[in-house]
Each structure stands twice: as structure tokens, then as C-alpha cells.
Amino acid sequence: MFLQSHQNNLTAIFVAATDTTTVTLTWALALLVNDLLVLKKTQQELENYVGRDRKVEESDMNNLVYLQAIIKETMRLYPPAALSVPHDSTEDCIVGGYTIPKRTRLFVNIWKIHHDPQIWTDPFEFRPERFLTTKKEINVKGQHFELIPFGSGRRICPGISFAFEAMQLILASIIHGFEFQNQQMSRLT
Ligand code: HEM
């Protein structure tokens, strides 16, 4: 019983960690291949801070602000946990004027929040620059409810720092090490 419960927990963590990060990285690459100007800017940033004589390192991450903006914008457009995970209300409560009885199963529609035109200009467009200008102060740590790919509050994703760092390092290494082209001449979707 004890062993089974540990096995289940480990499986849950494995699924929560691997699918989310690979989906985000796949979308990031697709978006970059679709937008060669943005790809060029990312390559330029890597050229400036890393150069051609060495590989990308973890210590470079803080300097790569454009790359961070790309990951944020990818997670805004394609949040891997689009409906988060189910939560149960433990008490009767009122949220946004709606009465929620005790023991209601609740979902947060993260995708919808991330595409709200009242918050995001051109919500369906890939515009990493927004995170360097008008939305500069917004991060994914759950304090800004407009962007919550990792959830928020006491049950926020515990893998948030690891996931963001890992995605940055992997994406930077791939872009630094390879040239990309879309052979099909049509947008990847
Ligand atoms: C792009 C990467 C990831 C995204 C977008 C993501 C997103 C999320 C979201 C939305 C939740 C639900 C939060 C809530 O209930 O409000 C969650 C929970 C969780 N995540 Fe992640 N996650 C990612 C990576 C990871 C990684 C790398 C790990 C482990 C190393 C991880 C482990 C977990 C666990 C264990 C929970 C359940 C936490 C709880 O119920 O208290 N996640 N994640």
C-alpha cells in the first residue's frame, strides 16, 4: 500500500514534469520557425552574450531576457495545463460574485485568461516584445493573475523554477547549436 502510493506519486510528478516542458519547447520552436525575425533576434542575443567560442551555460540565463520573453509568450499562447488541475472547494465561498458550495469541483480556464482581449493586445499573435515593453513587469510566478501557466497560490506548481530554468537552458542550447528552417513554406500549427 505504502509502496503503491509512492509509485503513484512518482508517476504523477513524472507526467507533470515531462509532458508540460516538452510541449512548451515544441511550441516555442514552432513559433520561432514561423517568425524568422524573432528567431534572428534570439540568435543575435545569444551571439552577443555567449558568442561562438563556447556553449550556453546556466550562468548565462539572467542575461537572455529576449529568450525569457519568448518562453513567457509561448506559455501565454499555449499553456500546457490549459484548465490547470481540478480543485475542490473545502467550504462554501463566493468567488467573483458567484456562490460556490462546499465540495464543488473547480477548474481555472488558464487558456481563456491568457487570451483575454481586455488584458492582452492582439491576444492570438506571437509578440514576445510585449514582455519587454507594455507587460514588462509580468512574470509567471503566480502574482500576476493575467499570466498563470503554473497556477497560483498555495498549490502553485512546485516545479516552476526548475521548469523555467530548464526550458530556458534547453531552448538556448538548441538555438545556439542549430540552424532552423521551415521546409514546407507554410506556418507550423
Ligand atoms: C512547463 C512546465 C510546467 C507547467 C506549465 C506546469 C503547470 C502546473 C500547473 C498549472 C499545476 C497546477 C497548479 C494548481 O493547482 O493551481 C501544476 C502542479 C504540479 N506540478 Fe507542474 N508544471 C510544469 C512543470 C513541472 C515540473 C518540472 C514538475 C516537477 C519537477 C512539476 C510538478 C508538479 C506537481 C507535483 C504538481 C502538483 C502540486 C500540488 O498539487 O500541490 N511541474 N503544474
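The analysis underlying the following values was restricted to heavy atoms, covering all of them including side chains, and did not include hydrogens, waters or symmetry mates. All residue numbers in this chain count up from 1 along the given sequence. Remember, it's 1-based here, ligands and their atoms both numbered in the order they're listed.
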Query raised in the report: P80 heavy atoms, cut-off 4.0 Å: which ligand 1 atoms fall inside?
Result: 5 (C)

Query raised in the report: Using the benzene-type ring in the case of Trp, are the ring centres of W120 and F131 under 6.0 Å apart?
Result: yes

Report task. Give a yes or no on whether the backbone of K112 and the side-chain of N109 come within a donor-acceptor separation of less than 3.5 Å. Result -> yes

Report task. State the atoms of ligand 1, each with its element, that fall below the 4.0 Å cut-off from a heavy-atom position in M75. Result -> 1 (C), 5 (C)

Query raised in the report: Between the side chain of R76 and the main-chain N/O of H114, is any donor-acceptor distance below 3.5 Å?
Result: yes

Query - Sub-4.0 Å atoms of ligand 1 with respect to non-hydrogen atoms of V85 - result: 12 (C), 15 (O)

Report task. Specify whether W27 and Y78 have parallel, tilted or perpendicular ring planes, treating 30° as the upper limit for parallel and 60° as the lower limit for perpendicular. Result -> parallel

Requested in this report: Answer yes or no: is there a donor N or O on one side and an acceptor on the other, between the side chain of K72 and the main chain of L67, under 3.5 Å?
Outcome: no

**Report entry** For K141, all residues meeting side-chain contact (heavy atoms from CB on, under 4.5 Å), sequence neighbours excluded
**Finding:** N139, Q143, I160

Report task. Indicate yes or no: at least one non-hydrogen side-chain atom of T134 is less than 4.5 angstrom from one of T121. Result -> no

Report summary line: Numbered in order shown, the ligand 1 atoms found under 4.0 Å of a heavy atom of F162 are 27 (C)

Report summary line: atom 15 (O) of ligand 1 sits nearest the protein heavy atom H87 NE2, 2.7 Å

Distance-only donor-acceptor hits, side chain of residues 171-178, under 3.5 Å, sequence neighbours excluded:
from	atom 1	to	atom 2	distance (Å)
S173	OG	L169	O	2.7
H176	NE2	G51	O	2.7

Report task. Please write down residue, atom name and distance for the protein heavy atom closest to atom 14 (C) of ligand 1. Result -> R155 O, 3.2 Å

Query raised in the report: Counting N and O atoms only, with roles assigned by atom type, does the side chain of D116 sit under 3.5 Å from a partner on the main chain of I113, one being a donor and the other an acceptor?
Result: no

Query raised in the report: Which atoms of ligand 1 have any heavy atom of M167 under 4.0 Å away?
Result: 1 (C)

Query - Protein contact of atom 10 (C) of ligand 1 - nearest heavy atom, named by residue and atom, plus distance - result: P149 O, 3.4 Å

Can you list, pair by pair, the side-chain donor-acceptor contacts under 3.5 Å of residues 97-107, counting residues two or more places apart and other chains?
from	atom 1	to	atom 2	distance (Å)
T104	OG1	P101	O	2.6
R105	NE	D88	OD1	3.2
R105	NH2	D88	OD2	3.4

Query - Atom indices of ligand 1 within 4.0 angstrom of T24 heavy atoms, with elements - result: 1 (C)

**Report entry** SB check E73 R127 (cutoff 4.0 Å)
**Finding:** no

Query raised in the report: Would you say T21 has any N or O atom under 3.5 Å from an N or O of ligand 1, going by distance alone?
Result: no

Requested in this report: Just the protein N/O/S atoms under 2.8 Å from atom 21 (Fe) of ligand 1, please, no waters.
Outcome: C157 SG

